[in-house]
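Computed from heavy atoms alone, side chains included, the values below leave out hydrogens, waters and symmetry copies.
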2 protein chains.
Amino acid sequence: MPPVAVRHLNTTSADFETEFKRVLHWSAETDHAIEERVAAILEDVRTRGDAAVLEYTARFDALEAPSVAALELTREELQRAFDAITPAQRSALESAAKRVRAYHERQLQACGLSWSYRDEDGTLLGQKVTPLDRVGIYVPGGKAAYPSSVLMNAIPAHVAGVSDIVMVVPTPRGEKNALVLAAAYVAGVSRAFTIGGAQAVGALAHGTATVPRVDKITGPGNAYVASAKRRVFGQVGIDMIAGPSEILVLADGTTPPDWVAMDLFSQAEHDELAQSILLCPDAGYIAQVQASIDRLIDGMPRRDVIRASLEGRGALILTRDMEEACAISNRIAPEHLEVSSAEPHRWEPLLRHAGAIFLGAYTSESLGDYCAGPNHVLPTSGTARFSSPLGVYDFQKRSSLIEVSEAGAQQLGPIAAELAYGEGLQAHAQAAEFRLKRAE
Amino acid sequence: MPPVAVRHLNTTSADFETEFKRVLHWSAETDHAIEERVAAILEDVRTRGDAAVLEYTARFDALEAPSVAALELTREELQRAFDAITPAQRSALESAAKRVRAYHERQLQACGLSWSYRDEDGTLLGQKVTPLDRVGIYVPGGKAAYPSSVLMNAIPAHVAGVSDIVMVVPTPRGEKNALVLAAAYVAGVSRAFTIGGAQAVGALAHGTATVPRVDKITGPGNAYVASAKRRVFGQVGIDMIAGPSEILVLADGTTPPDWVAMDLFSQAEHDELAQSILLCPDAGYIAQVQASIDRLIDGMPRRDVIRASLEGRGALILTRDMEEACAISNRIAPEHLEVSSAEPHRWEPLLRHAGAIFLGAYTSESLGDYCAGPNHVLPTSGTARFSSPLGVYDFQKRSSLIEVSEAGAQQLGPIAAELAYGEGLQAHAQAAEFRLKRAE
């Protein structure tokens, strides 16, 4: 096989900025035709409910059913799937679920609890944190059916205290993925339907006679699902609109090059649009990683996808030093960021934007993807500049608590009234003034 | 003046469900014509930058300027506005800002700090919380120019540690609101431009030669602004798409009826689509509130808006008991929820969905709107089912931290590999296996 023609960039080259922008370029342009079709499907599901869901499931998934109820997976069916997989798979699913649950329980304690305090006037201020009532989890079917995603979406919802977790997963031609069903069993999904696409998003957002309306929809999907989620946003909550997956490896040259090459592969194997980038100040090391890539690729069953991804969107970038590599990483704001260095804690404080930061040579992204504990649903395409991993907080919402004491009302009333009159809102002002003790 | 014809409902009536749904009905249907115009404006600003912003500002705000730089408000101009308002206004703004800051600092401590722990294998897991780099705050101009909204958007960003806070505020015909400028001074806005509409959202989302690109845009606006925010979502973060403002008062009949009437007015005076609802198990008390409404309305400068809002969207609902009132409140998931009761802490635990909960007779919504401390940017139109008040957390994002120890890699590797092979992702599996010590 010919060597893998990954782009090599050098930050000292005159054309670096141009080349770098070309590597980063990713257009999330929405396809107008998809938008129109999705709008029509959503409207149809909203007005015709179950009948529309059945028709689209027959048309898009080649799955005929007499009713949407017939598309529901029972708890017994999920358990049978769990019983039918291998003992090693059962054990792996349960170990992963246990670690993911433990991490998200820590997250709940760290940032998901109600709090309040009283000020010197006896006025109580705080925030009450409550779980969402019901959430929908979209699980892709077909070639990218990932049981790990079931765990990563359902477990945080469960830890948050959501009582109703409704999973949808398309099963084209009725082919069910046993590991996905088993993961739903392990994760404690409340109900599950074998529906997908925009019609499943519409059913969850609006509710049908059979599919309950949810408060929020999370989980990845194809362009139709993404477009549908964007459209129902506001009607229900959504997590994020995911783009292609990315890894950025920041290497100081101390990790075995084969390890780094395989980590780059692990992103590239997802699909041809996935992006793998290496940033390193050591030209010799970059050459070693390239050699590892060329040697290892032939052994990979998904070598065609890996090659297409690395040649189309990958890059090996020589930097002046690690500080510059960190600065470039901040510009990229990658979904996955490996700090493959002997001194990861030296560089971590310099890294401001990333979905997940994997520290040290032993922390391959894949360990985090499956079982380290943190969530693998992460912001893509530079959105780590402003968004966060999926977490317990996505399945909770907050309500402000305010109890103004009589004494507090005397302090706050004149301030509120002054500002309200300034805004021309006299009823606001008088509502505050009514609580003042009149000078008698 | 004729009495205010607010709808009276009774939960024991046969037609209650029908009537109740009619009260709640609110269509957030987007206007297709607005959508198209906004899409064109955003695209124009993206490609032509400053020139497009100038043209739209001239066209929509009747404000001509030689350059976008000429539309920037200097720090000195903000300070001059602060110096020019009355001492009472200055003091009220500063007192409100101080209390809002104090509350959001508590919020930062309660749920906005980084955390990590090590498991028994020495593997570190946690989350690093960092502020966004730069945010844009949209402040409406014209008739609904609210200085309090400047404080409520800018202060949480400031407390979160955002270093660059860019405010945009349209100033039709060049008319500036001194209180808005003064509030920007008090809140510590970094830069401010007198631009608005979809063109301002586009400038913030994409950046122009003069307006810096931001990571997130918060703040309310008209239908054009809402549509523009929805469109740029993903490119940048946004807070929420706000609908008309609402208050729900849950009364046990112990609060002076005038106070409750004025609280209903304070919501109704915002605009004709604003919604004020009273839930109460005491028919006599409801009659007293109706009498207060009829007596007090003539004294309100904004009586026409108040009447239109109360008659069009308001309701006084007689319930069987307070428990039923709480259950109905949960169905509404109101933006503002007053528990106007002698026993607010008896009912608060029953209330699951609300943007802000105001406990006890002294806690008028208006005190919370301006200066109690919690944020007044709250989820509307039932979105409190799944979303939260604007807060410090909206101006932060989280990155997972994972450092797998060598020992941890031996535990996690086989689990990850088993699941990865199950998903057909062999590079994921091998990346984990490379970290295993080979049996030598």
Turns out that what part of Ile238(A) lies under 4.5 Å from chain B's heavy atoms comes down to side chain
Q: With the side chain counted from C-beta on, respond yes when Leu401(A) and Glu348(B) share a heavy-atom pair under 4.5 Å apart, and no when they do not.
A: yes
Applying a strict 4.5 Å limit to non-hydrogen atoms, the region of Ser148(A) in contact with chain B is both
Any side-chain heavy-atom pair from Ile415(A) and Tyr370(B) closer than 4.5 angstrom?
no
Residues Tyr362(A) and Ser405(B): closest non-hydrogen pair is CB-O, 4.2 Å
Under 4.5 Å to a heavy atom of chain A? For His345(B) that would be side chain
Turns out that what part of Ala183(B) lies under 4.5 Å from chain A's heavy atoms comes down to neither
When the 4.5 angstrom heavy-atom criterion is applied to Asp215(A) and chain B, the contacting part is both
Would a 4.5 Å heavy-atom cut-off, applied to side chains only, mark Leu425(A) and Arg302(B) as touching? yes
Under 4.5 Å to a heavy atom of chain B? For Val214(A) that would be backbone
Problem - Validation row: Leu179(B), Glu423(A) side chains within 4.5 angstrom (heavy atoms) - result: no
Per-residue tally against chain A (heavy atom, under 4.5 Å) across Ser364(B), Ala409(B), Pro379(B) peaks at Ser364(B)
Residues 407-422 of chain B vs side chain to side chain donor-acceptor pair (under 3.5 Å), sequence neighbours excluded, gives Tyr421(B)-Glu433(B)
Looking only at Leu337(A), Leu124(A), Leu351(A), Leu296(A), the option with the highest number of non-hydrogen pairs under 4.5 Å against chain B is Leu351(A)
Pair count under 4.5 Å, heavy atoms only, with chain A: among Arg99(B), Met300(B), Arg106(B), Lys216(B), highest is Arg106(B)
* Quick check: does any side chain N or O of Thr363(A) sit under 3.5 Å from a backbone N or O of Val404(B), one acting as donor and the other as acceptor? -> yes
Honestly, the part of Pro344(A) sitting under 4.5 Å from a heavy atom of chain B is side chain
Assert top hit (heavy-atom pairs under 4.5 Å, partner chain B, pool Gly422(A), Gly373(A), Pro147(A)) equals Pro147(A)
Assert top hit (heavy-atom pairs under 4.5 Å, partner chain A, pool Val180(B), Val236(B), Asp369(B)) equals Val236(B)
Tightest non-hydrogen contact, residues Ala416(B) and Ser366(A), listed as CB-O, 4.0 Å
Residues Leu93(B) and Leu419(A): closest non-hydrogen pair is CD2-CD2, 3.8 Å
In terms of heavy-atom pairs under 4.5 Å with chain A, the winner among Glu365(B), Met240(B), Gln426(B), Arg134(B) is Gln426(B)
Are Gln267(B) and His428(A) close enough that some pair of their side-chain heavy atoms sits under 4.5 Å apart? no
Under 4.5 Å to a heavy atom of chain A? For Asp119(B) that would be side chain
Here the pair of heavy atoms bringing Cys111(A) nearest to Arg398(B) is SG-NH1, 3.6 Å
When the 4.5 angstrom heavy-atom criterion is applied to Arg231(A) and chain B, the contacting part is backbone
Note to self: Would you say the ring centers of Tyr393(B) and Tyr393(A) fall short of 6.0 Å from each other?
What the structure shows: no
Comparing Leu125(A), Thr383(A), Asn375(A), Ile306(A) against chain B, the one with the most heavy-atom pairs below 4.5 Å turns out to be Leu125(A)
CZ of Phe233(B) to CZ of Phe386(A), rounded to nearest 0.5 Å, is 7.5 Å
request  = Begin with the C-alpha distance, continue with both residues' side-chain angles, and end with the deciding distance and a verdict on side chain to side chain contact (heavy atoms under 4.5 Å, CB included) for Gln127(A) and Tyr103(B).
outcome  = CA-CA 10 Å; Gln127(A) 232 169 15; Tyr103(B) 176 84; 3.7 Å; yes
Most heavy-atom pairs under 4.5 Å with chain B, out of Gly382(A), Ala361(A), Ser381(A), belong to Ala361(A)
Residues at least two apart in sequence or cross-chain that pass side-chain contact (heavy atoms from CB on, under 4.5 Å) with Ala110(B), listed by chain then number, are Trp115(A)
So, the part of Ser91(A) with a heavy atom under 4.5 Å from chain B: the answer is neither
>> What I want to find out is whether Arg385(B) reaches Asp133(A) closely enough, with some N-O distance under 4.0 Å, to be called a salt bridge.
In response: no
The interface call for Ala88(B) against chain A, heavy-atom contacts under 4.5 Å, is both
Honestly, the part of Leu113(A) sitting under 4.5 Å from a heavy atom of chain B is neither
With chain A, the option among Ala372(B), Ser95(B), Gly360(B) that has the most non-hydrogen atom pairs under 4.5 Å is Ala372(B)
Heaviest contributor of heavy-atom pairs below 4.5 Å to chain A, chosen from Gln107(B), Glu269(B), Met262(B), is Glu269(B)
Under 4.5 Å to a heavy atom of chain A? For Leu264(B) that would be neither
The reported gap from CG in Leu359(A) to CD1 in Ile402(B) (rounded to nearest 0.5 angstrom) is 8.5 Å
Here the gap from Ile357(B) atom CD1 to Ser400(A) atom OG, rounded to the nearest 0.5 Å, amounts to 8.5 Å
CD of Gln430(B) to CG of Asp263(A), rounded to nearest 0.5 Å, is 11.5 Å
Taken to the nearest 0.5 Å, the spacing of Lys397(A) NZ from Ser387(B) OG works out to 9.5 Å
Comparing Thr86(A), Leu132(A), Thr130(A) against chain B, the one with the most heavy-atom pairs below 4.5 Å turns out to be Leu132(A)
Value for NZ (Lys128(A)) from CZ (Arg352(B)), rounded to nearest 0.5 Å, stands at 9.5 Å
When the 4.5 angstrom heavy-atom criterion is applied to Ala432(A) and chain B, the contacting part is both
Pair count under 4.5 Å, heavy atoms only, with chain B: among Gly299(A), Gly126(A), Ala417(A), highest is Gly126(A)
Cut-off 4.5 Å, heavy atoms of chain B, and the answer for Ala268(A) is neither
